[in-house]
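All remarks here apply to the structure that follows.
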Amino acid sequence: MTISIYDTLAGKKVPLETIEPGLVKLYVCGITAYDFCHIGHARSALVFDMIVRYMRYRGYKVKFVRNFTDIDDKIIKRAAEQETTCEELSERFIAKFREDMAQLKVDDPDIEPKATEHVPEIIEMIQELIDKGMAYPADGDVYYRVDRLKDYGKLSGRQLDEMQAGARISVNEIKENPMDFALWKSSKPGEPTWDSPWGPGRPGWHIECSAMSRKYLGDTFDIHGGGKDLIFPHHENEIAQSEGATGAPFARNWIHHGFVTIKDEKMSKSLHNFLTIREVLADHHPEVLRLFMFSTHYRTPLDYSEQALHDSALGLERLYSCVAAIGELSGSVGGTSAISAEDREKISGLVKRFVQAMDNDFNTAHGLGMVFETVKDLNRIRQQLPSDPAAEDVEFLQALSCKIRELCRIMGLLTEPAAEYLKNRQQGELAGLAISSEEIEKLIAERKQARLEKNWGRADQIRDLLLEKEIELKDSAEGTTWKITKKG
RNA sequence: GGCGGCGUAGCCAAGUGGCUAAGGCAGAGGUCUGCAAAACCUUUAUACAUCGGUUCGACUCCGAUCGCCGCCUCCA
């Protein structure tokens, strides 16, 4: 069995075949740093975090590069608006991005190069393209000669003439062909600028990724990733630049993830329908957001709603509760063994089924289904355990519980001690309520006394009183516990 | 206009050319409980947008239709 991935270039699922056995070279387009990141950016980070973790879980070494674009039209514009420098602005938002990633517990890539730190490599590549006749200087700019690459458009499935028939192409008198795109832009006064053979200027939008991926991963590497909206023109142009300059194939496989939508529309600044990562994290545990993201396949659009996050929070609690309950079990040698061979076999198949699901283009939704199915079985078995469970049974359940944690960790789930998570969740929610845990405990003690006296009226009264304050009581043999009620 | 994707139960969401169409949330009944809650058990799609075609057999392949969305301009 091997991992199969949906490759945008091939237009179908292909087996992962790395250039060097056992090593995956991965380049992902990171953010343009000029504003806070929204949850669409979070999806990108989370998806590739999961993909890298899964490939490592499956035994691959992964060299993961994700860049920062820190020079660009939007950055220049925003810096001017805020009366600051491009450098200050981009550094500020790179720092914010790092904070967001830390909150989400996203692992750092191996290399995080910045465009402004690779201007010599960029200039060198542009010069190669000019030397090969693939690009031409014009008035201090340099443009890529799009019709010189025979298969331009192969990634996005477009033909040059079809695109030219479209209405929305920027008119620019100095270009030979309206589809030609800028590799180098001459700088206006006050803009960041670097010296170049074509005069002072700055890199165009796409060239930095070509130059940086080449530097860190070589002319040809395994996988290039990003959001679906980057397919055209960004990734198409990267291919044109890199293959035009090196003559070698660029990335072998392309992974593109879907968007986060709100009310089924793509989040975007112009529609004002985006939520920043920090806004969402203010109200939701990072693992809740992760479970939400991974309950849908990465290529499918994901519609954000508070209801969906709420459902995910319950799902996560279900996972943690199962792990916590199993952690509390203890068995004894010579105790009663009660787990059937059938159950043992079924549950033991979890890892195999999970891997099958994930090998199929990182189908986390399916993989999570396998985990939840096992949780259901584990809960049932635990409930049916005799009062003197055998040590071997308890060990079996605990071993499975460990497996669940191990698999969930690929998605960044169940990373906290279960009891702690459940307790923190409770206290976090309590902060928003009009009652303290001391008061609750006091009422529980009073109710316990009432129940001993079989004063059911008073006992129920206390329970209802707490319920009004959104506290739900649970009686069990070990005593009474409480939790916040699940409200909408 | 060009290119691409999607349409599965109340909601979210996997999946397969034929074997019981995963899982989560919500709902119903039950076990447990003084009564509850939690947990567990059972249950909830004669059916996978519509219409045709291929096939012994399609939700799964092909074509058309309708609806939704994305890219073609900055975008994760």
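For clarity, every value in this text was computed on a predicted model and none was experimentally measured. Computed from heavy atoms alone, side chains included, the values below leave out hydrogens, waters and symmetry copies. Naming: A, B, ... by sequence-line order, numbering from 1 per chain.
Side-chain contact annotation: A:His284 with A:Glu279, donor-acceptor N/O pair under 3.5 Å absent. Judged by distance alone, the side chains of A:Asn67 and A:Thr69 do bring a donor and an acceptor atom under 3.5 Å apart. A donor-acceptor contact under 3.5 angstrom links the side chains of A:Arg158 and A:Ser156, judged on distance only. Side-chain atoms of A:Glu317 and A:Tyr421 form no donor-acceptor pair, as typed in the model, at a separation below 3.5 Å.
The base of B:A39 is paired with the side chain of A:Gln383 by a donor and an acceptor separated by under 3.5 Å. At a cut-off of 3.5 angstrom, the base of B:G34 holds at least one donor-acceptor pair with the side chain of A:Asp460. Contact of A:Asp475 with B:C35 (side chain to base): a donor-acceptor pair of N or O atoms is detected under 3.5 Å.
Ring stacking holds between A:Trp456 and B:G34, with the centres under 5.5 Å apart and the planes within 30 degrees of each other.
Rounded to whole Å, atom C1' of B:U20 lies 12 Å from atom NZ of A:Lys346. If you measure from atom CD of A:Gln159 to atom C1' of B:G2, you get 10 Å, rounded to the nearest angstrom. In this structure, the CE atom of A:Met179 is 11 Å from the C1' atom of B:U73, given to the nearest Å. Atom NE2 of A:His235 and atom C1' of B:G4 are 15 Å apart (whole Å). Distance A:Lys454 NZ to B:C35 P: 11 Å, rounded to the nearest Å. Separating the CD1 atom of A:Ile440 from the P atom of B:A37 is a distance of 19 Å, rounded to the nearest angstrom. Nucleotide B:C72 holds its C1' atom 14 Å from the CG atom of A:Leu230, rounded to whole Å.
For A:Lys376, counting side-chain heavy atoms from C-beta on, the closest listed nucleotide (B:A13, B:A76, B:G23) is B:G23. Taking every side-chain heavy atom of A:Gln307 into account, B:C25 is the closest of B:A76, B:C25, B:G23. Distance from the side chain of A:Thr32 is smallest for B:A76 among the nucleotides B:A76, B:A36, B:C72. For A:Asn363, the side-chain atoms get nearest to B:A14 when compared with the rest of B:A14, B:C71, B:G24.
For A:His234 and A:Leu302, each mapped to the nucleotide of RNA chain B holding its nearest heavy atom, the one lying further toward the 5' end belongs to A:Leu302. Position along RNA chain B of the nearest nucleotide to A:Ser295 versus A:Arg380 favours A:Ser295 as the more 5'-ward residue.
Residue-level contact check: A:Thr300 touches the backbone only, with heavy atoms under 4.0 Å from sugar-phosphate atoms and none from bases. Residue contacts shown for A:Val47 are absent, as no nucleic acid heavy atom lies under 4.0 Å away. Within the nucleic acid shown, A:Phe232 comes within 4.0 Å of sugar-phosphate atoms alone, with no base atom in reach, counting heavy atoms only. Backbone-only engagement by A:Gly227 is indicated by non-hydrogen atom pairs under 4.0 Å involving sugar-phosphate atoms exclusively. At a threshold of 4.0 angstrom between heavy atoms, the contacts of A:Lys266 include nucleobase atoms, whether or not backbone atoms are also involved. Backbone-only engagement by A:Arg318 is indicated by non-hydrogen atom pairs under 4.0 Å involving sugar-phosphate atoms exclusively. Residue contacts shown for A:His256 are absent, as no nucleic acid heavy atom lies under 4.0 Å away. Contacts of A:Ala365 with the nucleic acid, taken as non-hydrogen atoms under 4.0 Å apart, include base atoms. In this structure, A:Ser268 reaches neither bases nor backbone, as no heavy-atom distance under 4.0 Å exists between it and the strands shown. At the heavy-atom level, A:Arg447 lies under 4.0 Å from base atoms of the strands shown. As judged by a 4.0 angstrom heavy-atom cut-off over every strand, A:Arg463 is placed among the base-contacting residues. Within 4.0 Å (heavy atoms only), A:Asp72 reaches no atom of the nucleic acid at all.
Nucleotides B:U55 and B:U60 are separated by 13 Å at their C1' atoms, to the nearest Å. Here the separation of B:C59 from B:C68, taken at their P atoms, is 26 Å to the nearest Å. Look at the P atom in both B:G70 and B:G27: the space between them is 33 Å, to the nearest Å. Nucleotides B:U16 and B:C61 are separated by 10 Å at their P atoms, to the nearest Å. Here the separation of B:A26 from B:C62, taken at their P atoms, is 38 Å to the nearest Å. A gap of 25 Å separates the C1' atoms of B:A13 and B:G18, to the nearest Å. Comparing the C1' positions of B:G24 and B:G63 gives an interatomic distance of 36 Å, to the nearest angstrom.
Taking 4.0 angstrom as the limit, A:Asn379 places none of its side-chain polar atoms (N or O) nearer than this to OP1 or OP2 of B:A39. For B:A14, neither phosphate oxygen OP1 nor OP2 lies less than 4.0 angstrom from any side-chain nitrogen or oxygen of A:His366.
Distance OG1/A:Thr480 to CZ/A:Arg463: 10.0 Å, rounded to 0.5 Å.
With ring centers used as reference points, A:His224 lies under 6.0 Å from A:Tyr27.
Summarising the local packing, NZ of A:Lys352 is surrounded by 12 or fewer heavy atoms from other residues, nucleotides or ligands at distances under 6.0 Å.
Residues meeting the ring-ring contact (aromatic ring centres under 6.0 Å, His included) test with A:Phe274, sequence neighbours left out: none. For A:Lys442, the side chain to side chain donor-acceptor pair (under 3.5 Å) test picks out no residue, with sequence neighbours left out.
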Exercise. Given the rule that a pair is Watson-Crick or G-U wobble with both distances under 3.5 Å, how would you write RNA chain B in dot-bracket, using | for pairs to a different strand?
Worked result: (((((((..(((.....[....))).(((((.......))))).....(((((..]....))))))))))))....
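Figure legend: cation-pi geometry between A:Arg66 and A:Phe48 absent, as NZ or CZ is not positioned both under 6.0 Å from the six-membered ring centre and within 45° of its axis.
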